[in-house]
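Excluded from the calculations below are hydrogen atoms, water molecules and symmetry mates; all remaining heavy atoms, backbone and side chain alike, are included. A, B, ... follow the sequence lines: proteins, then strands. Residue 1 opens every chain.
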Protein chains: 2
Amino acid sequence: MQYINITMGASKSDFFKAKQNNTAILLKALGHPARIAIIEYLLKVNTCICGDIVKELPLAQPTISQHLKELKNAGLIKGTIEGTAICYCIDITAVEKLCTYFNNLHKKISAKQDECC
Amino acid sequence: MQYINITMGASKSDFFKAKQNNTAILLKALGHPARIAIIEYLLKVNTCICGDIVKELPLAQPTISQHLKELKNAGLIKGTIEGTAICYCIDITAVEKLCTYFNNLHKKISAKQDECC
DNA sequence: ACAATATATCGTAATATTGCAATATATTAA
DNA sequence: TTAATATATTGCAATATTACGATATATTGT
(Lines give C-alpha, C1' and ligand atoms only; values in the text may rest on other atoms or scores of the structure.)
Protein backbone atom coordinates (compact mmCIF):
# COMPACT_ATOMS: atom_id res chain seq x y z
CA MET A 1 0.00 0.00 0.00
CA GLN A 2 1.27 3.45 -0.87
CA TYR A 3 -1.37 5.56 0.89
CA ILE A 4 -0.02 8.00 3.43
CA ASN A 5 -1.42 8.66 6.87
CA ILE A 6 -4.06 5.94 6.92
CA THR A 7 -5.22 5.04 10.39
CA MET A 8 -6.71 1.73 11.36
CA GLY A 9 -10.29 1.47 12.54
CA ALA A 10 -11.59 4.49 10.67
CA SER A 11 -13.22 4.11 7.26
CA LYS A 12 -11.35 5.40 4.20
CA SER A 13 -14.03 7.90 3.22
CA ASP A 14 -11.51 10.09 1.40
CA PHE A 15 -11.09 7.48 -1.30
CA PHE A 16 -14.75 7.23 -2.23
CA LYS A 17 -16.94 9.57 -4.27
CA ALA A 18 -18.68 12.39 -2.41
CA LYS A 19 -22.09 11.10 -3.48
CA GLN A 20 -21.27 7.61 -2.19
CA ASN A 21 -20.20 9.07 1.13
CA ASN A 22 -23.38 11.16 1.35
CA THR A 23 -25.59 8.18 0.61
CA ALA A 24 -23.71 6.11 3.19
CA ILE A 25 -24.13 8.85 5.82
CA LEU A 26 -27.90 8.91 5.30
CA LEU A 27 -28.21 5.12 5.44
CA LYS A 28 -25.85 4.77 8.37
CA ALA A 29 -28.02 7.19 10.33
CA LEU A 30 -30.98 4.88 9.70
CA GLY A 31 -28.94 1.74 10.39
CA HIS A 32 -29.94 1.48 14.03
CA PRO A 33 -33.23 0.12 15.40
CA ALA A 34 -33.67 3.03 17.81
CA ARG A 35 -33.34 5.56 15.01
CA ILE A 36 -35.71 3.58 12.79
CA ALA A 37 -38.13 3.53 15.71
CA ILE A 38 -37.77 7.29 16.14
CA ILE A 39 -38.48 7.88 12.43
CA GLU A 40 -41.50 5.57 12.53
CA TYR A 41 -42.80 7.24 15.67
CA LEU A 42 -42.38 10.63 14.01
CA LEU A 43 -44.23 9.29 11.00
CA LYS A 44 -47.11 8.32 13.25
CA VAL A 45 -47.37 11.45 15.36
CA ASN A 46 -46.05 13.84 12.69
CA THR A 47 -44.22 16.08 15.16
CA CYS A 48 -43.00 15.50 18.70
CA ILE A 49 -40.51 16.56 21.33
CA CYS A 50 -37.60 14.57 22.72
CA GLY A 51 -39.49 13.73 25.91
CA ASP A 52 -42.26 11.99 23.95
CA ILE A 53 -39.71 9.62 22.44
CA VAL A 54 -38.12 9.00 25.83
CA LYS A 55 -41.55 7.82 27.04
CA GLU A 56 -42.01 5.69 23.93
CA LEU A 57 -38.64 3.91 23.68
CA PRO A 58 -36.66 1.85 26.23
CA LEU A 59 -33.73 4.26 26.22
CA ALA A 60 -32.61 7.00 28.58
CA GLN A 61 -33.00 10.67 27.74
CA PRO A 62 -29.33 11.32 26.88
CA THR A 63 -29.36 8.34 24.53
CA ILE A 64 -32.46 9.58 22.71
CA SER A 65 -30.94 13.05 22.53
CA GLN A 66 -27.82 11.53 20.96
CA HIS A 67 -29.82 9.58 18.37
CA LEU A 68 -31.82 12.70 17.52
CA LYS A 69 -28.56 14.57 17.01
CA GLU A 70 -27.32 11.92 14.58
CA LEU A 71 -30.57 11.95 12.63
CA LYS A 72 -30.41 15.74 12.52
CA ASN A 73 -26.76 15.80 11.41
CA ALA A 74 -27.58 13.39 8.60
CA GLY A 75 -30.43 15.67 7.54
CA LEU A 76 -33.20 13.16 8.20
CA ILE A 77 -35.05 15.27 10.75
CA LYS A 78 -35.27 18.94 11.59
CA GLY A 79 -35.89 20.57 14.94
CA THR A 80 -37.60 23.86 15.72
CA ILE A 81 -37.33 25.54 19.09
CA GLU A 82 -40.79 25.84 20.60
CA GLY A 83 -40.70 27.42 24.00
CA THR A 84 -38.73 25.23 26.35
CA ALA A 85 -38.96 22.20 24.09
CA ILE A 86 -37.72 21.38 20.57
CA CYS A 87 -40.25 20.22 18.00
CA TYR A 88 -38.85 17.53 15.72
CA CYS A 89 -40.19 16.27 12.41
CA ILE A 90 -38.98 14.23 9.45
CA ASP A 91 -37.23 16.18 6.69
CA ILE A 92 -38.94 15.08 3.51
CA THR A 93 -35.95 16.08 1.37
CA ALA A 94 -33.80 13.27 2.76
CA VAL A 95 -36.62 10.75 2.32
CA GLU A 96 -37.02 11.89 -1.29
CA LYS A 97 -33.32 11.37 -1.90
CA LEU A 98 -33.47 7.82 -0.56
CA CYS A 99 -36.67 7.11 -2.47
CA THR A 100 -35.05 8.22 -5.70
CA TYR A 101 -31.89 6.28 -4.93
CA PHE A 102 -33.63 2.95 -4.35
CA ASN A 103 -36.20 3.40 -7.09
CA ASN A 104 -33.36 4.01 -9.53
CA LEU A 105 -31.47 1.02 -8.16
CA HIS A 106 -34.53 -1.18 -8.48
CA LYS A 107 -35.32 0.03 -11.99
CA LYS A 108 -31.82 -0.73 -13.22
CA ILE A 109 -31.65 -4.14 -11.58
CA SER A 110 -35.05 -5.38 -12.66
CA ALA A 111 -34.18 -4.46 -16.23
CA LYS A 112 -31.44 -7.09 -16.28
CA GLN A 113 -32.49 -9.41 -13.50
CA ASP A 114 -32.08 -12.51 -15.72
CA GLU A 115 -28.36 -11.79 -16.07
CA CYS A 116 -27.80 -12.46 -12.37
CA CYS A 117 -25.64 -15.42 -11.33
CA MET B 1 -34.12 1.28 34.72
CA GLN B 2 -35.13 -2.25 35.58
CA TYR B 3 -33.73 -4.14 32.60
CA ILE B 4 -31.58 -7.12 33.47
CA ASN B 5 -28.31 -8.11 31.85
CA ILE B 6 -27.84 -5.06 29.69
CA THR B 7 -24.28 -4.61 28.51
CA MET B 8 -22.76 -1.30 27.58
CA GLY B 9 -21.69 -0.55 24.04
CA ALA B 10 -24.08 -2.92 22.32
CA SER B 11 -27.39 -1.74 20.94
CA LYS B 12 -30.59 -2.82 22.70
CA SER B 13 -32.02 -4.70 19.70
CA ASP B 14 -34.10 -6.96 21.92
CA PHE B 15 -36.34 -4.06 22.86
CA PHE B 16 -37.29 -3.06 19.35
CA LYS B 17 -39.72 -4.67 16.91
CA ALA B 18 -38.37 -7.42 14.67
CA LYS B 19 -39.28 -5.47 11.57
CA GLN B 20 -37.46 -2.40 12.85
CA ASN B 21 -34.39 -4.50 13.54
CA ASN B 22 -34.55 -6.05 10.07
CA THR B 23 -34.84 -2.69 8.39
CA ALA B 24 -31.95 -1.37 10.45
CA ILE B 25 -29.79 -4.38 9.50
CA LEU B 26 -30.38 -3.76 5.80
CA LEU B 27 -29.64 -0.05 6.08
CA LYS B 28 -26.66 -0.51 8.34
CA ALA B 29 -25.15 -2.84 5.74
CA LEU B 30 -25.44 -0.02 3.21
CA GLY B 31 -24.23 2.59 5.67
CA HIS B 32 -20.61 2.44 4.58
CA PRO B 33 -19.10 4.09 1.48
CA ALA B 34 -17.20 0.95 0.51
CA ARG B 35 -20.36 -1.13 0.54
CA ILE B 36 -22.28 1.52 -1.39
CA ALA B 37 -19.42 1.50 -3.89
CA ILE B 38 -19.61 -2.29 -4.14
CA ILE B 39 -23.37 -2.18 -4.77
CA GLU B 40 -22.95 0.54 -7.39
CA TYR B 41 -20.14 -1.38 -9.08
CA LEU B 42 -22.33 -4.50 -9.11
CA LEU B 43 -25.12 -2.42 -10.60
CA LYS B 44 -22.77 -1.37 -13.41
CA VAL B 45 -21.21 -4.72 -14.22
CA ASN B 46 -24.21 -6.83 -13.16
CA THR B 47 -22.10 -9.70 -11.80
CA CYS B 48 -18.50 -9.88 -10.68
CA ILE B 49 -16.04 -11.72 -8.49
CA CYS B 50 -14.29 -10.45 -5.36
CA GLY B 51 -11.04 -9.85 -7.26
CA ASP B 52 -12.74 -7.40 -9.62
CA ILE B 53 -13.82 -5.25 -6.68
CA VAL B 54 -10.33 -5.43 -5.18
CA LYS B 55 -9.02 -3.93 -8.43
CA GLU B 56 -11.76 -1.29 -8.41
CA LEU B 57 -11.63 -0.04 -4.81
CA PRO B 58 -8.76 1.24 -2.65
CA LEU B 59 -9.11 -1.57 -0.12
CA ALA B 60 -7.20 -4.79 0.47
CA GLN B 61 -8.63 -8.19 -0.45
CA PRO B 62 -9.50 -9.26 3.12
CA THR B 63 -11.34 -5.99 3.65
CA ILE B 64 -13.39 -6.39 0.46
CA SER B 65 -14.11 -9.99 1.46
CA GLN B 66 -15.34 -8.78 4.83
CA HIS B 67 -17.62 -6.15 3.28
CA LEU B 68 -19.01 -8.74 0.85
CA LYS B 69 -19.75 -10.98 3.80
CA GLU B 70 -21.69 -8.23 5.54
CA LEU B 71 -23.68 -7.42 2.40
CA LYS B 72 -24.39 -11.13 1.98
CA ASN B 73 -25.43 -11.60 5.62
CA ALA B 74 -27.84 -8.68 5.30
CA GLY B 75 -29.30 -10.28 2.17
CA LEU B 76 -28.29 -7.49 -0.19
CA ILE B 77 -26.14 -9.66 -2.44
CA LYS B 78 -25.91 -13.34 -3.24
CA GLY B 79 -22.89 -15.36 -4.26
CA THR B 80 -22.66 -18.41 -6.47
CA ILE B 81 -19.61 -20.63 -6.62
CA GLU B 82 -18.27 -20.58 -10.15
CA GLY B 83 -15.17 -22.69 -10.46
CA THR B 84 -12.43 -21.24 -8.30
CA ALA B 85 -14.19 -17.90 -7.93
CA ILE B 86 -17.50 -16.73 -6.44
CA CYS B 87 -19.89 -14.81 -8.63
CA TYR B 88 -21.68 -12.02 -6.75
CA CYS B 89 -24.77 -10.09 -7.75
CA ILE B 90 -27.35 -7.83 -6.11
CA ASP B 91 -30.34 -9.57 -4.58
CA ILE B 92 -33.35 -7.72 -5.95
CA THR B 93 -35.55 -8.85 -3.05
CA ALA B 94 -33.69 -6.67 -0.58
CA VAL B 95 -33.79 -3.70 -2.93
CA GLU B 96 -37.53 -4.18 -3.37
CA LYS B 97 -37.97 -4.18 0.40
CA LEU B 98 -36.09 -0.89 0.73
CA CYS B 99 -37.93 0.59 -2.24
CA THR B 100 -41.25 -0.23 -0.67
CA TYR B 101 -40.12 1.03 2.72
CA PHE B 102 -39.06 4.46 1.49
CA ASN B 103 -41.90 4.86 -1.00
CA ASN B 104 -44.33 4.18 1.81
CA LEU B 105 -42.47 6.59 4.08
CA HIS B 106 -42.50 9.27 1.42
CA LYS B 107 -46.16 8.76 0.62
CA LYS B 108 -47.20 9.12 4.23
CA ILE B 109 -45.03 12.16 4.87
CA SER B 110 -45.99 14.09 1.76
CA ALA B 111 -49.66 13.59 2.63
CA LYS B 112 -49.24 15.73 5.75
CA GLN B 113 -46.16 17.74 4.94
CA ASP B 114 -47.83 21.02 5.96
CA GLU B 115 -48.21 19.77 9.52
CA CYS B 116 -44.45 19.76 10.00
CA CYS B 117 -42.93 22.17 12.53
C1' DA C 1 0.96 -34.29 -6.97
C1' DC C 2 2.05 -29.45 -7.65
C1' DA C 3 1.59 -24.74 -8.85
C1' DA C 4 -1.58 -21.10 -9.70
C1' DT C 5 -5.66 -18.63 -8.70
C1' DA C 6 -9.44 -16.93 -5.82
C1' DT C 7 -11.49 -16.22 -1.61
C1' DA C 8 -12.12 -16.74 3.33
C1' DT C 9 -10.49 -16.63 8.02
C1' DC C 10 -7.52 -15.33 11.93
C1' DG C 11 -5.27 -12.13 14.69
C1' DT C 12 -4.48 -7.62 15.82
C1' DA C 13 -4.53 -2.52 16.19
C1' DA C 14 -7.10 1.45 16.09
C1' DT C 15 -11.25 4.12 15.73
C1' DA C 16 -16.35 4.38 16.20
C1' DT C 17 -20.63 3.54 18.34
C1' DT C 18 -23.82 2.71 22.04
C1' DG C 19 -25.73 3.73 26.42
C1' DC C 20 -26.25 6.08 30.71
C1' DA C 21 -25.34 8.86 35.09
C1' DA C 22 -24.21 13.27 36.22
C1' DT C 23 -24.33 17.76 34.99
C1' DA C 24 -25.01 21.98 32.25
C1' DT C 25 -28.00 25.06 29.69
C1' DA C 26 -32.06 27.43 28.48
C1' DT C 27 -36.79 28.73 28.70
C1' DT C 28 -41.18 29.21 31.19
C1' DA C 29 -44.02 29.84 35.31
C1' DA C 30 -44.83 31.50 39.92
C1' DT D 1 -35.35 35.33 41.62
C1' DT D 2 -36.50 30.66 42.16
C1' DA D 3 -38.44 26.36 40.82
C1' DA D 4 -39.88 23.50 37.19
C1' DT D 5 -39.42 21.65 32.71
C1' DA D 6 -36.96 20.18 28.55
C1' DT D 7 -32.98 19.16 26.19
C1' DA D 8 -28.00 19.03 25.43
C1' DT D 9 -23.35 17.95 26.83
C1' DT D 10 -19.67 15.58 29.30
C1' DG D 11 -17.32 11.63 30.79
C1' DC D 12 -16.88 6.99 30.93
C1' DA D 13 -17.31 1.88 30.15
C1' DA D 14 -18.13 -1.59 27.00
C1' DT D 15 -19.02 -3.46 22.52
C1' DA D 16 -18.69 -2.96 17.44
C1' DT D 17 -16.54 -1.77 13.26
C1' DT D 18 -12.81 -1.01 10.07
C1' DA D 19 -8.67 -2.34 7.90
C1' DC D 20 -4.87 -5.29 6.76
C1' DG D 21 -0.93 -8.79 7.00
C1' DA D 22 -0.45 -13.49 7.40
C1' DT D 23 -2.38 -17.64 6.63
C1' DA D 24 -5.79 -21.23 5.48
C1' DT D 25 -8.86 -23.35 2.18
C1' DA D 26 -10.60 -24.81 -2.13
C1' DT D 27 -10.71 -25.39 -7.03
C1' DT D 28 -8.50 -25.52 -11.62
C1' DG D 29 -4.82 -26.55 -14.82
C1' DT D 30 -0.51 -28.96 -15.92
Query raised in the report: Does anything in residues 85-94 of chain B reach DNA chain C, meaning a heavy atom under 4.0 Å, and if so which residues?
Result: B/A85, B/I86, B/Y88

Query raised in the report: Given atom CD1 of A/I64 and atom C1' of D/dT9, what is their separation to the nearest angstrom?
Result: 16 Å

**Report entry** Heavy-atom check, side chain of B/I36 versus side chain of A/N21, under 4.5 Å
**Finding:** no

Query raised in the report: In B/S/- notation, 5' to 3', how is nucleotides 22-30 of chain D contacted by protein heavy atoms closer than 4.0 Å?
Result: B----BS--

Report summary line: Testing D/dT9, C/dT7, C/dC20 for proximity to the side chain of B/I49, the answer is C/dT7

Requested in this report: Using side chain to side chain donor-acceptor pair (under 3.5 Å) as the criterion, list what pairs up with B/T80, not counting sequence neighbours.
Outcome: none

Query raised in the report: For residues 59-69 of chain B, which residue pairs qualify under side chain to side chain donor-acceptor pair (under 3.5 Å), counting only residues two or more places apart or in two chains?
Result: B/R35-B/H67

Query raised in the report: So, is B/K69 close to the C/dT7 phosphate, meaning a side-chain N or O under 4.0 Å from OP1 or OP2?
Result: no

**Report entry** B/H67 side chain near D/dT17 phosphate (N/O to OP1/OP2, under 4.0 Å)
**Finding:** no

Query raised in the report: How long is the line joining CG of B/L71 and P of C/dA8, in whole Å?
Result: 12 Å

Query - Residues which pass salt bridge (charged side-chain N to carboxylate O under 4.0 Å, His left out) with A/E40, listed by chain and number, not counting sequence neighbours - result: none

Query raised in the report: C/dT7 P sits how many Å from B/I53 CD1, rounded?
Result: 9 Å

**Report entry** B/F16: partners by ring pair (Phe, Tyr, Trp, His ring centres under 6.0 Å), with sequence neighbours left out
**Finding:** none

**Report entry** Validation row: B/Y88, B/L68 side chains within 4.5 angstrom (heavy atoms)
**Finding:** yes

Requested in this report: Using five base pairs at each end, measure the axis-to-axis angle across the helix from C/dA1-D/dT30 to C/dA30-D/dT1 and round it to 10 degrees.
Outcome: 20°

Report task. Taking the side chain as every heavy atom from C-beta outward, state whether A/I90 and A/L71 have any atom pair closer than 4.5 Å. Result -> no

Query raised in the report: Do A/T23 and A/L27 come close enough that some side-chain heavy atom pair is under 4.5 Å?
Result: yes

Requested in this report: May I have the distance from B/L59 (atom CG) to D/dG21 (atom C1'), rounded to whole angstrom?
Outcome: 15 Å

**Report entry** Closest contact, heavy atoms only, A/A85 versus A/I49
**Finding:** CB-CG2, 3.7 Å

Query - disulfide bond (SG atoms under 2.5 Å apart) contacts in which one or both residues fall within residues 25-112 of chain A, not counting sequence neighbours - result: A/C89-B/C116

Query - Residues touching DNA chain D, which here means a heavy atom under 4.0 Å, drawn from residues 29-43 of chain A - result: none

Requested in this report: Determine the contact category for B/S11: base if any of its heavy atoms lies under 4.0 Å from a base atom, sugar-phosphate if only primed atoms, P, OP1 or OP2 are that close, otherwise nothing.
Outcome: sugar-phosphate

Requested in this report: Select from B/A10 and A/D52 the residue whose nearest nucleotide in DNA chain D is closer to the 5' end of that strand.
Outcome: A/D52

Query raised in the report: If you look at every strand shown and take non-hydrogen atoms under 4.0 Å, does B/L68 touch a base, only sugar-phosphate, or nothing?
Result: nothing

Requested in this report: Return each pair, listed once, that meets side chain to side chain donor-acceptor pair (under 3.5 Å) where at least one residue sits in residues 44-55 of chain A; pairs must be two or more places apart or across chains.
Outcome: A/N46-B/E115

Query raised in the report: Can you tell me how far C1' of C/dA16 sits from CD of B/E70, to the nearest Å?
Result: 14 Å

Taking distance alone, no hydrogens or angles, what donor-acceptor pairs closer than 3.5 Å link side-chain atoms of residues 105-112 of chain A to residues at least two apart or in another chain?
{"unit_1": "A/H106", "atom_1": "NE2", "unit_2": "B/E96", "atom_2": "OE2", "d": "3.4"}
{"unit_1": "A/S110", "atom_1": "OG", "unit_2": "A/H106", "atom_2": "O", "d": "2.7"}
{"unit_1": "A/S110", "atom_1": "OG", "unit_2": "A/K107", "atom_2": "O", "d": "3.2"}
{"unit_1": "A/K112", "atom_1": "NZ", "unit_2": "B/L43", "atom_2": "O", "d": "2.8"}

Query raised in the report: Base, sugar-phosphate alone, or nothing: which one does B/K72 contact when heavy atoms must sit under 4.0 Å apart?
Result: nothing

**Report entry** Whole-Å gap separating C1' (D/dA19) and CG (B/L57)
**Finding:** 14 Å

Query raised in the report: Ignoring hydrogens and geometry, is there a side-chain-to-backbone donor-acceptor pair from A/K12 to B/P58 under 3.5 Å?
Result: yes

Report task. Considering non-hydrogen atoms only, spot the tightest contact between B/G79 and B/K72 and give its length. Result -> N-CE, 3.8 Å

Query raised in the report: Whole Å only: how far is the CD1 atom of B/I25 from the P atom of D/dA16?
Result: 13 Å

Requested in this report: Considering just the side-chain nitrogens and oxygens of B/K28, establish if one lies under 4.0 Å of OP1 or OP2 belonging to D/dA16.
Outcome: no

Query raised in the report: For B/S65 and C/dT7, is the shortest distance between a side-chain N/O and OP1 or OP2 below 4.0 Å?
Result: no

Query raised in the report: What pairs with B/S13 under side chain to side chain donor-acceptor pair (under 3.5 Å), at least two apart in sequence or on another chain?
Result: B/S11

Report task. Starting from P on C/dA16, measure out to CG on A/N73 and report it in whole angstrom. Result -> 15 Å

